[in-house]
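Throughout, a chain's letter reflects where its sequence line sits, starting with A, and its residues are numbered from 1. Predicted, not measured: the structure shown is a model, and the values here were computed from it.
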Number of protein chains: 2
Amino acid sequence: MKKQHRELSDEALELIAARFRVLAEPMRLKILNALGEVELNVNEIVEATGSGQANISKHLGILFNEGLVARRKEGLNTYYSVADKQIFALCENVCASVDEHLATKQRAFKRGATK
Amino acid sequence: MKKQHRELSDEALELIAARFRVLAEPMRLKILNALGEVELNVNEIVEATGSGQANISKHLGILFNEGLVARRKEGLNTYYSVADKQIFALCENVCASVDEHLATKQRAFKRGATK
DNA sequence: TGACTATATTACTATATGGTAATATAAAAA
DNA sequence: TTTTTATATTACCATATAGTAATATAGTCA
(Lines give C-alpha, C1' and ligand atoms only; values in the text may rest on other atoms or scores of the structure.)
Protein backbone atom coordinates (compact mmCIF):
# COMPACT_ATOMS: atom_id res chain seq x y z
CA MET A 1 0.00 0.00 0.00
CA LYS A 2 1.39 3.32 -1.08
CA LYS A 3 1.37 6.27 1.21
CA GLN A 4 -0.64 9.00 -0.48
CA HIS A 5 -0.29 12.19 1.48
CA ARG A 6 0.80 13.61 4.75
CA GLU A 7 -0.44 11.69 7.75
CA LEU A 8 -3.00 13.76 9.60
CA SER A 9 -4.18 12.78 13.05
CA ASP A 10 -7.86 12.87 13.87
CA GLU A 11 -7.09 15.79 16.16
CA ALA A 12 -5.45 17.75 13.34
CA LEU A 13 -8.34 16.98 11.03
CA GLU A 14 -10.73 18.27 13.67
CA LEU A 15 -8.80 21.53 13.96
CA ILE A 16 -8.71 22.03 10.21
CA ALA A 17 -12.40 21.21 9.93
CA ALA A 18 -13.13 23.70 12.71
CA ARG A 19 -11.40 26.42 10.74
CA PHE A 20 -13.42 25.57 7.66
CA ARG A 21 -16.55 25.50 9.78
CA VAL A 22 -15.99 29.11 10.79
CA LEU A 23 -15.84 30.06 7.13
CA ALA A 24 -18.88 27.96 6.27
CA GLU A 25 -21.40 30.65 7.20
CA PRO A 26 -22.55 33.25 4.65
CA MET A 27 -22.99 35.87 7.35
CA ARG A 28 -19.43 35.44 8.60
CA LEU A 29 -18.13 35.68 5.05
CA LYS A 30 -20.22 38.79 4.63
CA ILE A 31 -18.62 40.28 7.72
CA LEU A 32 -15.12 39.46 6.49
CA ASN A 33 -15.97 40.88 3.09
CA ALA A 34 -17.35 44.04 4.67
CA LEU A 35 -14.21 44.44 6.76
CA GLY A 36 -11.81 43.93 3.90
CA GLU A 37 -8.81 46.11 4.62
CA VAL A 38 -10.56 48.59 6.87
CA GLU A 39 -11.51 48.69 10.51
CA LEU A 40 -15.18 48.88 11.47
CA ASN A 41 -17.03 48.97 14.75
CA VAL A 42 -19.90 46.64 15.51
CA ASN A 43 -22.60 49.10 14.55
CA GLU A 44 -21.00 49.75 11.19
CA ILE A 45 -20.82 46.02 10.59
CA VAL A 46 -24.44 45.65 11.61
CA GLU A 47 -25.39 48.27 9.05
CA ALA A 48 -23.16 46.82 6.35
CA THR A 49 -24.59 43.35 6.75
CA GLY A 50 -28.20 44.14 7.56
CA SER A 51 -28.27 41.61 10.36
CA GLY A 52 -29.07 42.15 14.04
CA GLN A 53 -26.61 43.35 16.64
CA ALA A 54 -26.70 40.25 18.82
CA ASN A 55 -26.15 38.02 15.85
CA ILE A 56 -23.22 40.07 14.60
CA SER A 57 -21.62 40.16 18.01
CA LYS A 58 -21.88 36.42 18.22
CA HIS A 59 -20.33 35.92 14.81
CA LEU A 60 -17.58 38.40 15.63
CA GLY A 61 -16.84 36.45 18.78
CA ILE A 62 -16.50 33.27 16.75
CA LEU A 63 -14.25 34.94 14.19
CA PHE A 64 -12.17 36.40 16.99
CA ASN A 65 -11.75 33.07 18.75
CA GLU A 66 -10.49 31.52 15.55
CA GLY A 67 -8.03 34.38 15.17
CA LEU A 68 -9.54 35.59 11.92
CA VAL A 69 -10.29 39.09 13.16
CA ALA A 70 -8.60 41.43 15.62
CA ARG A 71 -10.41 43.57 18.14
CA ARG A 72 -9.65 47.00 19.54
CA LYS A 73 -11.75 48.78 22.13
CA GLU A 74 -12.13 52.52 22.06
CA GLY A 75 -14.53 53.87 24.60
CA LEU A 76 -17.88 52.26 24.07
CA ASN A 77 -16.97 51.04 20.61
CA THR A 78 -15.20 47.90 19.57
CA TYR A 79 -13.35 48.06 16.29
CA TYR A 80 -12.75 44.91 14.33
CA SER A 81 -10.38 44.21 11.48
CA VAL A 82 -9.28 41.14 9.55
CA ALA A 83 -6.31 39.60 11.35
CA ASP A 84 -5.55 36.79 8.94
CA LYS A 85 -5.35 38.37 5.49
CA GLN A 86 -4.64 34.99 3.98
CA ILE A 87 -8.37 34.41 4.27
CA PHE A 88 -8.93 36.49 1.18
CA ALA A 89 -6.61 34.40 -0.94
CA LEU A 90 -8.36 31.35 0.43
CA CYS A 91 -11.76 32.72 -0.57
CA GLU A 92 -10.45 33.62 -4.00
CA ASN A 93 -9.36 30.02 -4.49
CA VAL A 94 -12.66 28.65 -3.35
CA CYS A 95 -14.46 31.18 -5.50
CA ALA A 96 -12.55 30.03 -8.58
CA SER A 97 -13.13 26.41 -7.68
CA VAL A 98 -16.86 26.88 -7.25
CA ASP A 99 -17.02 28.83 -10.47
CA GLU A 100 -15.28 26.05 -12.33
CA HIS A 101 -17.59 23.47 -10.82
CA LEU A 102 -20.66 25.43 -11.85
CA ALA A 103 -19.31 25.87 -15.37
CA THR A 104 -18.78 22.12 -15.60
CA LYS A 105 -22.31 21.48 -14.41
CA GLN A 106 -23.68 23.96 -16.90
CA ARG A 107 -21.80 22.32 -19.77
CA ALA A 108 -23.16 18.94 -18.73
CA PHE A 109 -26.64 20.40 -18.56
CA LYS A 110 -26.40 21.96 -22.03
CA ARG A 111 -25.17 18.66 -23.37
CA GLY A 112 -28.33 17.17 -21.92
CA ALA A 113 -26.32 14.84 -19.75
CA THR A 114 -26.94 15.42 -16.07
CA LYS A 115 -25.57 11.94 -15.43
CA MET B 1 -17.36 55.47 2.46
CA LYS B 2 -14.56 53.55 0.82
CA LYS B 3 -15.21 50.36 -1.05
CA GLN B 4 -13.13 47.64 0.54
CA HIS B 5 -13.27 44.53 -1.58
CA ARG B 6 -15.09 42.87 -4.36
CA GLU B 7 -18.85 43.06 -4.09
CA LEU B 8 -20.25 39.64 -3.37
CA SER B 9 -23.95 38.94 -3.63
CA ASP B 10 -25.70 36.99 -0.92
CA GLU B 11 -26.12 34.22 -3.44
CA ALA B 12 -22.40 34.09 -4.14
CA LEU B 13 -21.64 34.11 -0.43
CA GLU B 14 -24.00 31.21 0.02
CA LEU B 15 -22.23 29.20 -2.67
CA ILE B 16 -18.82 29.89 -1.20
CA ALA B 17 -20.05 29.03 2.28
CA ALA B 18 -21.51 25.80 0.93
CA ARG B 19 -18.12 24.82 -0.43
CA PHE B 20 -16.50 25.54 2.91
CA ARG B 21 -19.25 23.59 4.63
CA VAL B 22 -18.36 20.49 2.67
CA LEU B 23 -14.79 20.81 3.92
CA ALA B 24 -15.91 21.49 7.47
CA GLU B 25 -16.25 17.83 8.41
CA PRO B 26 -13.30 15.85 9.78
CA MET B 27 -14.55 12.65 8.17
CA ARG B 28 -14.72 14.22 4.74
CA LEU B 29 -11.23 15.62 5.17
CA LYS B 30 -10.13 12.17 6.23
CA ILE B 31 -11.61 10.73 3.06
CA LEU B 32 -9.89 13.33 0.89
CA ASN B 33 -6.64 12.72 2.73
CA ALA B 34 -7.00 8.97 2.29
CA LEU B 35 -7.64 9.41 -1.43
CA GLY B 36 -4.74 11.74 -2.03
CA GLU B 37 -3.48 11.00 -5.51
CA VAL B 38 -4.81 7.47 -5.75
CA GLU B 39 -8.12 5.93 -6.62
CA LEU B 40 -9.96 3.87 -4.01
CA ASN B 41 -13.24 2.04 -3.94
CA VAL B 42 -15.78 2.52 -1.20
CA ASN B 43 -14.70 -0.48 0.81
CA GLU B 44 -11.09 0.63 0.78
CA ILE B 45 -12.16 4.06 1.98
CA VAL B 46 -14.29 2.48 4.68
CA GLU B 47 -11.26 0.56 5.87
CA ALA B 48 -8.94 3.55 5.61
CA THR B 49 -11.23 5.75 7.65
CA GLY B 50 -12.66 3.26 10.12
CA SER B 51 -16.17 4.58 9.63
CA GLY B 52 -19.28 2.71 8.50
CA GLN B 53 -20.20 2.01 4.88
CA ALA B 54 -23.43 4.00 4.89
CA ASN B 55 -21.74 7.00 6.40
CA ILE B 56 -18.89 6.90 3.90
CA SER B 57 -21.28 6.54 0.98
CA LYS B 58 -23.17 9.55 2.19
CA HIS B 59 -20.05 11.64 2.56
CA LEU B 60 -18.82 10.53 -0.85
CA GLY B 61 -22.12 11.61 -2.31
CA ILE B 62 -21.71 15.04 -0.78
CA LEU B 63 -18.12 15.34 -2.00
CA PHE B 64 -19.22 14.24 -5.45
CA ASN B 65 -22.06 16.71 -5.63
CA GLU B 66 -19.67 19.52 -4.82
CA GLY B 67 -17.35 18.29 -7.55
CA LEU B 68 -14.52 17.53 -5.16
CA VAL B 69 -14.25 13.87 -6.09
CA ALA B 70 -14.78 11.92 -9.29
CA ARG B 71 -16.52 8.59 -9.51
CA ARG B 72 -15.96 5.62 -11.78
CA LYS B 73 -17.98 2.43 -11.68
CA GLU B 74 -16.37 -0.90 -12.39
CA GLY B 75 -18.67 -3.82 -11.91
CA LEU B 76 -19.92 -3.78 -8.36
CA ASN B 77 -17.26 -1.37 -7.25
CA THR B 78 -17.24 2.38 -7.35
CA TYR B 79 -13.85 4.01 -7.48
CA TYR B 80 -13.39 7.49 -6.21
CA SER B 81 -10.58 9.97 -6.72
CA VAL B 82 -9.97 13.60 -5.91
CA ALA B 83 -11.28 15.70 -8.77
CA ASP B 84 -10.27 19.12 -7.53
CA LYS B 85 -6.61 18.85 -6.61
CA GLN B 86 -6.59 22.48 -5.55
CA ILE B 87 -8.20 21.24 -2.37
CA PHE B 88 -4.84 20.11 -1.12
CA ALA B 89 -3.29 23.53 -1.51
CA LEU B 90 -6.32 24.93 0.23
CA CYS B 91 -5.88 22.55 3.14
CA GLU B 92 -2.18 23.36 3.34
CA ASN B 93 -3.03 27.04 3.66
CA VAL B 94 -5.61 26.41 6.34
CA CYS B 95 -3.21 24.09 8.09
CA ALA B 96 -0.54 26.79 8.20
CA SER B 97 -3.07 29.35 9.32
CA VAL B 98 -4.35 27.18 12.15
CA ASP B 99 -0.81 26.38 13.17
CA GLU B 100 0.06 30.06 13.33
CA HIS B 101 -3.07 30.78 15.34
CA LEU B 102 -2.25 28.06 17.83
CA ALA B 103 1.32 29.31 18.16
CA THR B 104 0.03 32.79 18.90
CA LYS B 105 -2.33 31.44 21.52
CA GLN B 106 0.46 29.44 23.07
CA ARG B 107 2.74 32.47 23.27
CA ALA B 108 -0.07 34.46 24.90
CA PHE B 109 -0.60 31.64 27.35
CA LYS B 110 3.08 31.41 28.28
CA ARG B 111 3.14 35.15 28.82
CA GLY B 112 0.29 34.60 31.27
CA ALA B 113 -2.04 36.76 29.24
CA THR B 114 -5.02 34.85 27.92
CA LYS B 115 -6.88 38.08 27.19
C1' DT C 1 -32.90 -18.40 -12.53
C1' DG C 2 -31.33 -17.45 -7.55
C1' DA C 3 -27.65 -16.38 -4.14
C1' DC C 4 -24.09 -13.13 -3.20
C1' DT C 5 -21.73 -8.71 -2.96
C1' DA C 6 -20.73 -3.65 -3.25
C1' DT C 7 -22.78 0.50 -2.97
C1' DA C 8 -26.62 3.75 -2.40
C1' DT C 9 -30.66 5.27 -0.10
C1' DT C 10 -34.02 5.87 3.54
C1' DA C 11 -35.61 6.68 8.12
C1' DC C 12 -34.34 7.83 12.46
C1' DT C 13 -32.01 9.92 16.52
C1' DA C 14 -28.90 12.93 18.70
C1' DT C 15 -26.31 16.96 18.48
C1' DA C 16 -24.82 21.46 16.91
C1' DT C 17 -25.74 25.98 15.68
C1' DG C 18 -27.92 30.33 13.44
C1' DG C 19 -31.14 33.93 14.49
C1' DT C 20 -33.52 36.62 17.92
C1' DA C 21 -35.34 38.74 22.14
C1' DA C 22 -34.14 39.95 26.56
C1' DT C 23 -30.75 41.12 29.59
C1' DA C 24 -26.11 42.25 31.41
C1' DT C 25 -22.03 45.03 31.26
C1' DA C 26 -19.39 48.87 31.07
C1' DA C 27 -17.97 53.30 29.32
C1' DA C 28 -19.50 58.16 28.45
C1' DA C 29 -22.39 61.97 29.35
C1' DA C 30 -25.48 64.74 32.01
C1' DT D 1 -25.10 59.48 40.75
C1' DT D 2 -28.33 58.66 37.03
C1' DT D 3 -29.00 58.14 32.20
C1' DT D 4 -27.64 56.86 27.84
C1' DT D 5 -25.20 54.17 24.52
C1' DA D 6 -22.36 50.29 22.38
C1' DT D 7 -21.40 45.80 22.81
C1' DA D 8 -21.57 41.17 24.85
C1' DT D 9 -24.05 37.39 26.82
C1' DT D 10 -27.87 34.29 27.82
C1' DA D 11 -31.83 31.59 26.85
C1' DC D 12 -34.64 29.94 23.56
C1' DC D 13 -36.42 27.91 19.28
C1' DA D 14 -36.03 26.12 14.74
C1' DT D 15 -33.27 23.93 11.48
C1' DA D 16 -29.48 21.22 9.62
C1' DT D 17 -26.74 17.31 9.64
C1' DA D 18 -23.50 13.33 11.24
C1' DG D 19 -23.85 8.63 12.38
C1' DT D 20 -26.35 4.28 12.12
C1' DA D 21 -29.50 0.43 11.15
C1' DA D 22 -32.33 -1.34 7.82
C1' DT D 23 -33.38 -1.72 3.21
C1' DA D 24 -33.05 -1.08 -1.83
C1' DT D 25 -30.48 -1.52 -6.00
C1' DA D 26 -27.81 -3.47 -9.28
C1' DG D 27 -23.92 -6.08 -10.98
C1' DT D 28 -21.62 -10.86 -10.62
C1' DC D 29 -21.40 -15.67 -10.13
C1' DA D 30 -23.15 -20.43 -9.63
Out of C:dT7, C:dT20, C:dA28, whichever nucleotide has its closest atom nearest the side chain of A:Leu76: C:dA28

Sugar-phosphate only, base, or nothing, as touched by A:Ile45 at under 4.0 Å among non-hydrogen atoms: nothing

Between C:dA6 (C1') and B:Tyr79 (OH): distance, integer Å: 11 Å

Nucleotide C:dG18, atom C1' - distance to CG of A:Leu60 in whole Å: 14 Å

Touch class at under 4.0 angstrom, heavy-atom based, for B:Tyr80 against every strand present: sugar-phosphate

Ion pair B:Glu11/A:Lys30, N-O distance below 4.0 Å: no

Whole-Å distance separating the CZ atom of A:Arg21 from the P atom of C:dT15: 16 Å

Whichever of B:Asn77 and A:Gly52 has its nearest DNA chain C nucleotide further upstream toward 5': B:Asn77

side-chain N/O B:Arg71 vs C:dT7 OP1/OP2, d < 4.0 Å: no

Sugar-phosphate only, base, or nothing, as touched by A:Lys58 at under 4.0 Å among non-hydrogen atoms: base

B:Tyr80 six-ring face occupied by B:Arg71 cation (under 6.0 Å, within 45°): no

d(CD1, B:Ile62; P, C:dT7) in whole Å: 18 Å

Salt-bridge criterion met for A:Glu66 and A:Arg21 (N-O under 4.0 Å): no

Sugar-phosphate only, base, or nothing, as touched by A:Ser57 at under 4.0 Å among non-hydrogen atoms: base

Lys/Arg-Asp/Glu bridge criterion (N-O < 4.0 Å) met for A:Asp99, B:Arg19: no

Nucleotide C:dG18, atom C1' - distance to CG of A:Leu63 in whole Å: 13 Å

Shared hydrophobic cluster, B:Ile16 / A:Leu102 (ILVMFWY, side-chain heavy atoms < 4.5 Å): yes

Under 3.5 Å donor-acceptor, A:Asn33 side chain and A:Leu29 backbone: no

A:Leu23 CG - C:dG18 P separation (whole Å): 12 Å

A:Val94: which of B:Leu23, B:Leu15, B:Leu90 passes side-chain contact (heavy atoms from CB on, under 4.5 Å): B:Leu90

Short side-chain N/O contact from A:His59 to OP1 or OP2 of C:dT17, under 4.0 Å: no

Positional range of nucleotides in DNA chain D within the contact set of chain B, heavy-atom, under 4.0 Å: D:dT17 to D:dT28

Gap between atoms CZ and C1', on B:Arg72 and C:dT7 respectively (whole Å): 15 Å

DNA chain C: 5'-proximal contact among A:Asn55 and A:Glu74 (nearest heavy atom): A:Asn55

A:His59 (side chain) donor-acceptor with A:Met27 (main chain) under 3.5 angstrom: no

Sugar-phosphate only, base, or nothing, as touched by A:Gln53 at under 4.0 Å among non-hydrogen atoms: base

N/O (side chain, B:Asn43) to phosphate O (OP1/OP2, C:dT7) under 4.0 Å: yes

